[in-house]
Amino acid sequence: MWEKKKVTGKQRNSKMCFVCGLDNPIGLKAQFYNMEDGSVLTPFRYTENNQSFPQRVHGGLVATMLDELGLRALWAKYSEETLGVTMSMEVKLRKPVPYNEDLIGRGVVERDSPQFATMKAEIFDGKGSLLAEAVLKYIKMDVEKIAQGISFHEEMCYLIEDDIREL
């Protein structure tokens, strides 16, 4: 069973990211919370539009959320100014991930150095059963090296305050 933890802060949402973009009409619009144990959590739902086969989400979209949780785990440990790109990702799909059901995503930094980081990301169903997990390796980079001419603060412009204090 899932053990609730205290929220210590909330992360920003972007304009167009598939996972967190609030202006993306086909995105998940997931919101991310920094937790007292140093992890990041997101309550979210896939929709029927995200299926590969009836009753299950496409594995690539499951991997997409796991990848996002990797970066968000870095933000939970440091700040939203710590950016990086995925070097490798090993995904294990444990059970079919359903759509139209409440899910919880969790990410945590397992190891890091000034240039690299390794994160673990997981997706659980509403009963706390592990559905999918990944080990991700990131290289930390400045935003200018990731996307030239893009203002990080302009893209990551939404901070939606709410009353969620525990997840």
Side-chain angles (χ1 to χ4, degrees), residues 1-80 82-84 86 89-110 117-136 138 155-167:
M1 184 52 87
W2 186 258
E3 187 177 316
K4 292 198 174 218
K5 295 176 180 66
K6 289 185 181 179
V7 171
T8 60
K10 191 159 182 200
Q11 297 183 4
R12 293 184 179 280
N13 283 68
S14 79
K15 291 180 180 179
M16 290 303 293
C17 170
F18 175 76
V19 175
C20 76
L22 297 181
D23 296 341
N24 188 330
I26 63 167
L28 299 176
K29 297 174 178 45
Q31 297 186 43
F32 295 84
Y33 298 85
N34 298 333
M35 306 306 294
E36 66 182 333
D37 67 355
S39 69
V40 64
L41 292 181
T42 180
F44 73 102
R45 286 180 148 236
Y46 290 105
T47 69
E48 188 174 4
N49 293 328
N50 304 133
Q51 73 174 314
S52 62
F53 199 74
Q55 302 175 348
R56 63 187 65 205
V57 174
H58 190 284
L61 295 176
V62 173
T64 300
M65 175 57 84
L66 292 167
D67 190 22
E68 182 79 8
L69 284 160
L71 179 63
R72 297 298 185 136
L74 272 178
W75 289 2
K77 183 169 183 174
Y78 297 110
S79 77
E80 293 176 359
T82 303
L83 298 176
T86 310
M89 177 170 51
E90 180 183 349
V91 175
K92 293 182 181 175
L93 302 168
R94 301 287 185 190
K95 296 180 182 178
V97 176
Y99 51 81
N100 294 333
E101 289 188 23
D102 293 336
L103 303 169
I104 292 282
R106 180 179 187 268
V108 65
V109 175
E110 291 196 318
T118 301
M119 282 72 66
K120 182 172 185 173
E122 303 162 309
I123 296 174
F124 299 89
D125 67 14
K127 296 175 185 163
S129 296
L130 179 65
L131 304 177
E133 62 186 325
V135 174
L136 304 111
Y138 275 55
E155 178 59 25
M156 298 300 298
C157 61
Y158 297 116
L159 182 58
I160 313 288
E161 296 294 340
D162 57 39
D163 294 330
I164 295 176
R165 300 291 172 247
E166 189 175 79
L167 284 172

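Residue indices begin at 1 and follow the sequence shown.
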Test side chain to side chain contact (heavy atoms under 4.5 Å, CB included) on Val135 and Met119 and set out the steps. CA-CA 6 Å; Val135 174; Met119 282 72 66; over 6 Å; no

Quick check: closest heavy atoms across Val62 and Ala132, and the distance to 0.1 Å? CG1-CB, 3.6 Å

Return the minimal non-hydrogen interatomic distance between Leu93 and Gly59, and the atom names on each side. CD1-CA, 4.3 Å

Check whether any side-chain heavy atom of Val57 sits under 4.5 Å from a side-chain heavy atom of Met65, and report yes or no. no

Applying the side chain to side chain contact (heavy atoms under 4.5 Å, CB included) test to Phe44, which of Asp102, Val19, Ile104, Ile123 qualifies? Ile123

Passes salt bridge (charged side-chain N to carboxylate O under 4.0 Å, His left out), Lys10 versus Glu161? Steps please. CA-CA 8 Å; Lys10 191 159 182 200; Glu161 296 294 340; over 6 Å; no

Give a yes or no answer on whether the side chain of Glu36 reaches the backbone of Lys6 with a donor-acceptor pair at less than 3.5 Å. yes

Atom pair CG/CD of Leu22 and Gln31 - distance to nearest 0.5 Å: 6.5 Å

Inter-residue atom distance Leu61.CG - Gln51.CD, 0.5 Å rounding: 11.0 Å

For salt bridge (charged side-chain N to carboxylate O under 4.0 Å, His left out), just list the numbers for Glu122 and Arg106, CA-CA rounded to whole Å, side-chain angles, deciding distance to a tenth of an Å, and then say yes or no. CA-CA 5 Å; Glu122 303 162 309; Arg106 180 179 187 268; 3.7 Å; yes

Quick one: does Lys29's side chain have a donor or acceptor within less than 3.5 Å of a partner on Asn24's backbone? yes

Locate the shortest heavy-atom distance separating Val40 from Ala73; write the atom from each residue and the value. CG1-N, 3.6 Å

Please confirm whether the backbone N or O of Gln55 pairs with a side-chain atom of Tyr99, one donor and one acceptor, at under 3.5 Å? yes

What pair of heavy atoms forms the shortest contact from Leu159 to Gln11, and how long is it? CD1-O, 3.7 Å

What are the two closest heavy atoms between Leu131 and Phe124, and how far apart are they? CD1-C, 4.0 Å

Minimum-distance pair of heavy atoms, taken over all atoms of Leu69 and Ala121: CB-CB, 3.8 Å

For the backbone of Arg12 and the side chain of Glu80, can you confirm whether one donor and one acceptor N or O come within less than 3.5 Å of each other? yes

Could you tell me the separation between the OG1 atom of Thr64 and the CE atom of Met89, rounded to the nearest 0.5 Å? 7.0 Å

Quick one: does any side-chain atom of Asn100 pair with a main-chain N or O of Arg45 as donor and acceptor, under 3.5 Å? no

Within this structure, what is the OG-CZ distance for the pair Ser39 and Arg72, rounded to the nearest 0.5 Å? 14.0 Å

Mind running side chain to side chain contact (heavy atoms under 4.5 Å, CB included) on Leu28 and Asn50 for me, showing each step along the way? CA-CA 10 Å; Leu28 299 176; Asn50 304 133; 3.7 Å; yes

Roughly how far apart are Leu71 CG and Phe32 CZ, rounded to 0.5 Å? 9.0 Å

Verdict with supporting geometry, Tyr46 and Glu101, side chain to side chain contact (heavy atoms under 4.5 Å, CB included): CA-CA 7 Å; Tyr46 290 105; Glu101 289 188 23; over 6 Å; no

Value rounded to 0.5 Å, distance of NZ in Lys95 from CZ in Arg56: 13.0 Å

